[in-house]
2 protein chains.
Amino acid sequence: MRIAEPLQDDCPGAVQRDCRHGHTENGCEDCKVRLFSVCAALESCELDELDRISHARQIPAHSTLFEQGALAGSVFNVTEGIVRLYKSLPDGRRQITGFALPGDFLGLALQDRYGVSAEAVTPVSVCRFLRTAFLSYVDRKPHLLRRLHEFAGHELSLAQDQMLLLGRRTAEEKIAAFLLNMQTRYARIKSMSVTVPLPMSRQDIADYLGLTIETVSRTVTRLAREKVLLIVPDGVRLLDQERLKRIGVA
Amino acid sequence: MRIAEPLQDDCPGAVQRDCRHGHTENGCEDCKVRLFSVCAALESCELDELDRISHARQIPAHSTLFEQGALAGSVFNVTEGIVRLYKSLPDGRRQITGFALPGDFLGLALQDRYGVSAEAVTPVSVCRFLRTAFLSYVDRKPHLLRRLHEFAGHELSLAQDQMLLLGRRTAEEKIAAFLLNMQTRYARIKSMSVTVPLPMSRQDIADYLGLTIETVSRTVTRLAREKVLLIVPDGVRLLDQERLKRIGVA
DNA sequence: CGACTGATTGAACCAGCTCAACTCATGTGG
DNA sequence: CCACATGAGTTGAGCTGGTTCAATCAGTCG
């Protein structure tokens, strides 16, 4: 239940925001991801407070948000666009550990250093918080911490699925699972559609699935030849979802 | 700082435990993993309370603690032995997502269903909690939740490392990283040693590293032939750790 | 001792990789 | 407006790291 008027002690009345640094017009209130991101754990009045420590930022495509191993100065909530999260080996081999979509939170673990690097795949909008400010906010909001922990649990579960995929599935199974997965994740922010946008490069998909770019290309082409899907500009259209599920789902 | 006498409101004095269901003699106080597991977030008096909702259990080798997808009735703290956590595909392919050692917490995500299955590799001792009881306890202890979240963040980080390993490393690199990893993890509960016990089967190692049993065997044998390690009963002795690190570490 | 189970070894095979050529779209500047 | 570079994606051909299948070995237990 959302409460319009502040009711709790720690909601210091209707304080008018005096600082609008880089915020969208109405701050969190009309944020696109408000209702399904971590912030959904917060009431309107609490949100106001969060608003005051947040900084809306636009990040151009292909630029870096943060780098693996660097001190975690900020945490981010993605509100628009796609971010790739990855780990690299010194010789250049790369494993993308996930793609962050709107509503996803970067720096969930709240650790003092980033465990992965993050780069914008498309132009990205984020809601940025200084880690220290966010931490002290979290300390005063146990239900937000619960929410963050739920998100972390979900991430962990996804990571385990991905381990199964990387360690034990064939190229075709990997591709099928990836496409179905992206489809359901997009459904959350747009609406369920048979057209799955793939703004990331083939190399990104390969590095996410533990394959080479050639194998990704060949496998997708073959699935298209077999009328399981149709390749469209910047994505695919899933023609035979049943077949795809039979290939890709556990 | 540990406090011997209860100081806080929610520490209801020195209540004598009237129920010792399955506890070790002195409960949490003299627990082997007390100081580095999640419980380290708790004061003596709080521990007493935790003690009352905990159940010490012995689990024989090769038996199941819980199964992937089942309702998460309990959460566990491993106090002795090794547990394998895994996901399976319907056709029998298996991916071990991790080995839990003493001090590790099972059910960290606090989700209503288990995301993986858990089986004892060796005889295992656990500290078991009914999930509901543990949840309501956590709700009253924000600092325990913080601790659980830290653990979850650490798990997530390990999962990401494992993704990089599964997706982008060679068989030899996988084995080397695994052995060094087990060595440092054991150091936490015993003391640093060049002898790494491997109580799990070759099949377990294979399913953890995304390899076959034959490849594991061949690779370990080759490393032994090259004097990088020595195969001993139920483990290996790391002879040339420098070389191993050159192979295995990022 | 024989039966059984886990680990090792060998030999053939193959899914996915490597290397290389080609296509196609986009951009650029003369 | 065309020549040409550039970069992502596709396609082909051959190769190889790791798998598969099969045999053997080494404990262990009754």
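Lettering of chains follows the sequences in order, A, B, ..., and the numbering in each one begins at 1. Predicted model only: the values in this text are computed from it and were never measured.
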From C-beta outward on B:I231, which listed nucleotide comes closest to its side chain: C:dA7, D:dG9, C:dT8?
C:dT8
What residues form a ring-ring contact (aromatic ring centres under 6.0 Å, His included) with B:F129, not counting sequence neighbours?
B:F134
Name all residues meeting the ring-ring contact (aromatic ring centres under 6.0 Å, His included) criterion together with A:F76; count only those two or more places apart in sequence or in a different chain, and write none if there are none.
A:F66
B:E67 meets the salt bridge (charged side-chain N to carboxylate O under 4.0 Å, His left out) criterion, sequence neighbours left out, with none
What pairs with B:K174 under salt bridge (charged side-chain N to carboxylate O under 4.0 Å, His left out), at least two apart in sequence or on another chain?
none
Could I get the full list of side-chain contact (heavy atoms from CB on, under 4.5 Å) partners for [X], not counting sequence neighbours?
| X | answer |
| --- | --- |
| A:L239 | A:L230, A:R237 |
| A:R94 | A:R84, A:Y86, A:S88, A:I96, A:Q203, A:D204, A:D207 |
| A:Q58 | A:S125 |
| B:K32 | B:E80 |

Rounded to whole angstrom units, what separation is found between the [atom1] atom of [X] and the [atom2] atom of [N]?
| X | N | atom1 | atom2 | result |
| --- | --- | --- | --- | --- |
| A:R222 | D:dG9 | CZ | C1' | 17 Å |
| B:L198 | C:dT8 | CG | P | 11 Å |
| B:R202 | C:dT5 | CZ | P | 19 Å |
| B:D234 | D:dA26 | CG | P | 17 Å |

For DNA chain D, the residues among residues 166-177 of chain B that have a non-hydrogen atom under 4.0 Å from it
B:T170, B:A171
So if I take residues 204-211 of chain A and measure heavy-atom distances to DNA chain D, which residues fall below 4.0 Å?
none
Restricting to pairs with a member in residues 212-238 of chain A, which pass ring-ring contact (aromatic ring centres under 6.0 Å, His included), not counting sequence neighbours?
none
Below 4.0 angstrom, N of the basic side chain to O of the carboxylate: do B:R222 and B:E172 qualify?
yes
Do A:L166 and A:Q162 have side-chain heavy atoms sitting under 4.5 Å apart?
yes
Show each protein N/O and nucleotides 9-11 of chain C N/O combination with a separation under 3.5 Å, one pair to a line.
residue : atom : partner : partner atom : Å
C:dT9   : OP2  : B:T221  : OG1          : 3.1
C:dG10  : N7   : B:R218  : NH1          : 2.8
C:dG10  : O6   : B:R218  : NH2          : 3.2
C:dA11  : N6   : B:R218  : NH2          : 3.2

Is any side-chain nitrogen or oxygen of A:T212 closer than 4.0 Å to OP1 or OP2 of C:dC17?
yes
